[in-house]
Amino acid sequence: MYETKNPQLTPELYQYVLDHNPPLDEVQRELVDTTHRRLAGQAGMQTAEEQAPLLAFLVRLTGASRIVEVGTFTGLSTLSMAQALPEGGQVIACDISEEWTAVGRQAWADAGVADRIDLRIAPAIDTLRALPGDRWIDLVFLDADKESYVDYWEELVPRMRPGGLLVVDNTLYHGAVADPAATGGAAAIRAFNDHVRADDRVDDVLLTVADGLTLARRLA
Ligand SMILES: C[S@@+](CC[C@H](N)C(=O)[O-])C[C@H]1O[C@@H](n2cnc3c(N)ncnc32)[C@H](O)[C@@H]1O
């Protein structure tokens, strides 16, 4: 193994990255600030700021119009993807928290995209199992309870259209994923990453974006 080319992401370098990405719009910025103000203890769950424009970019790049999100929280990722949808597109957003997603509902309405988001409050595994079974999903964003990632994957992959994109967050799990003795969420992500690598239905890459982001493309 040769040395990594990744520079250390100092606060200054991180700020530079944010400064050279498309900025959050007014509603997205307000959503981030509201989440930190009202849910200070949970705000760390919010999708990283640089991932909001990345998700929008991926939606536009792929032309996705049928999106499934697993793990909505206060709805930043949902908002960003919904804003990037073509006319008639929709995000099915899965979460179990009425309280947290209520913050998102307000932002989605403020941004004028509430009609593009179908929020389903239930254990995500139940929502996914109830979805149509044929190959129709263009893009997935998976960002919920790590212990269930493999189960979600197994529900989602057969429903992806050929060429459809799965985007999976936290696949480096704060760096703990490299530890063979990892437990809890880190162990679940280790198992998930091995599962993806062994899955010949997809073509996949693990990127060092934020807390680790896996991109996987459904093969024919
Ligand atoms: C990391 S947060 C999602 C962050 C979100 N993508 C954003 O942009 O801010 C994880 C979310 O998964 C949800 N969650 C946890 N377990 C779940 C389950 N079994 N079914 C559905 N949602 C679940 C939590 O309620 C939480 O809102």
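Here the structure is a predicted model, which is why all the values come from computation and not from measurement. Just so you know, ligand 1 is whichever comes first in the structure, and atom 1 is the first atom listed for that ligand. Just so it is clear, the values below take in all heavy atoms, side chains as well, and ignore hydrogens, waters and symmetry mates.
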Item to check | atom 13 (C) of ligand 1: the protein heavy-atom neighbour that sits closest, reported with distance to 0.1 Å | outcome: Asp95 OD2, 3.3 Å
Checklist entry - Counting N and O atoms only, with roles assigned by atom type, does the side chain of Gln46 sit under 3.5 Å from a partner on the main chain of Ala43, one being a donor and the other an acceptor? => result no
Checklist entry - Just distances here: any N/O of Glu69 and N/O of ligand 1 closer than 3.5 Å? => result no
Item to check | Region of Thr72 that comes within reach of ligand 1 [heavy atoms, distance under 4.0 Å] | outcome: backbone
Checklist entry - For ligand 1, which atoms sit closer than 4.0 Å to a heavy atom of Phe73? => result 2 (S), 3 (C), 4 (C), 5 (C), 9 (O), 27 (O)
Item to check | Nearest-option assignment for atom 21 (C) of ligand 1, heavy atoms, candidates Ala144, Ala48, Ala124, Ala52 | outcome: Ala124
Item to check | Closest protein heavy atom to atom 14 (N) of ligand 1, given as residue, atom name and distance to 0.1 Å | outcome: Ile96 CG1, 4.0 Å
Next on the checklist: Would a single hydrophobic cluster contain both Phe192 and Leu213, if residues Ile, Leu, Val, Met, Phe, Trp and Tyr are joined by side-chain heavy-atom contacts under 4.5 Å?
Outcome noted: no
Checklist outcome for this item: Tightest non-hydrogen contact, residues Thr62 and Arg161, listed as O-NH2, 4.0 Å
Checklist entry - Among Asp211, Ile121, Asp145, which residue places a heavy atom closest to atom 18 (C) of ligand 1? => result Asp145
Item to check | Check: Thr101/Asp95 side-chain N/O donor and acceptor closer than 3.5 Å | outcome: no
Next on the checklist: Could you check whether atom CZ of Phe57 has more than 12 heavy atoms from other residues, nucleotides or ligands sitting under 6.0 Å from it?
Outcome noted: no
Checklist entry - Which one of Arg217, Arg218, Arg197 satisfies the salt bridge (Lys or Arg N to Asp or Glu O under 4.0 Å) criterion with Asp204? => result Arg197
Next on the checklist: If the cut-off is 4.0 Å to any non-hydrogen atom of Tyr152, which atoms of ligand 1 fall inside it?
Outcome noted: 18 (C), 19 (N), 20 (N)
Checklist entry - Considering only heavy atoms of Pro123, which atoms of ligand 1 have at least one such atom less than 4.0 Å away? => result 20 (N)
Next on the checklist: Looking at ligand 1, would Ser148 count as a contact under a 4.0 Å heavy-atom criterion?
Outcome noted: no
Next on the checklist: I want to know if ligand 1 touches Thr47 in the polar sense, i.e. an N/O pair below 3.5 angstrom.
Outcome noted: yes
Item to check | Flag side-chain contact, heavy atom, 4.5 Å: His195 against Tyr149 | outcome: no
Item to check | atom 10 (C) of ligand 1: nearest protein contact (heavy atom, Å) | outcome: Asp143 O, 3.2 Å
Next on the checklist: Out of all atoms in ligand 1, which are within 4.0 Å of some heavy atom of Ser77? Include the element for each.
Outcome noted: 5 (C), 6 (N), 7 (C), 8 (O)
Next on the checklist: I'd like to know if the side chain of Arg190 and the backbone of Ala182 have a donor-acceptor N/O pair within less than 3.5 Å.
Outcome noted: no
Item to check | Protein heavy atom at shortest distance from atom 1 (C) of ligand 1 | outcome: Met45 O, 3.1 Å
Checklist entry - Does a side-chain N-to-carboxylate-O contact under 4.0 Å join Lys146 and Asp143? => result yes
Checklist outcome for this item: Closest non-hydrogen contact found for Ala124 with Cys94 is CB-CB, 4.0 Å
Checklist entry - What about Gly75: any of its N or O atoms under 3.5 Å from an N or O on ligand 1? => result no
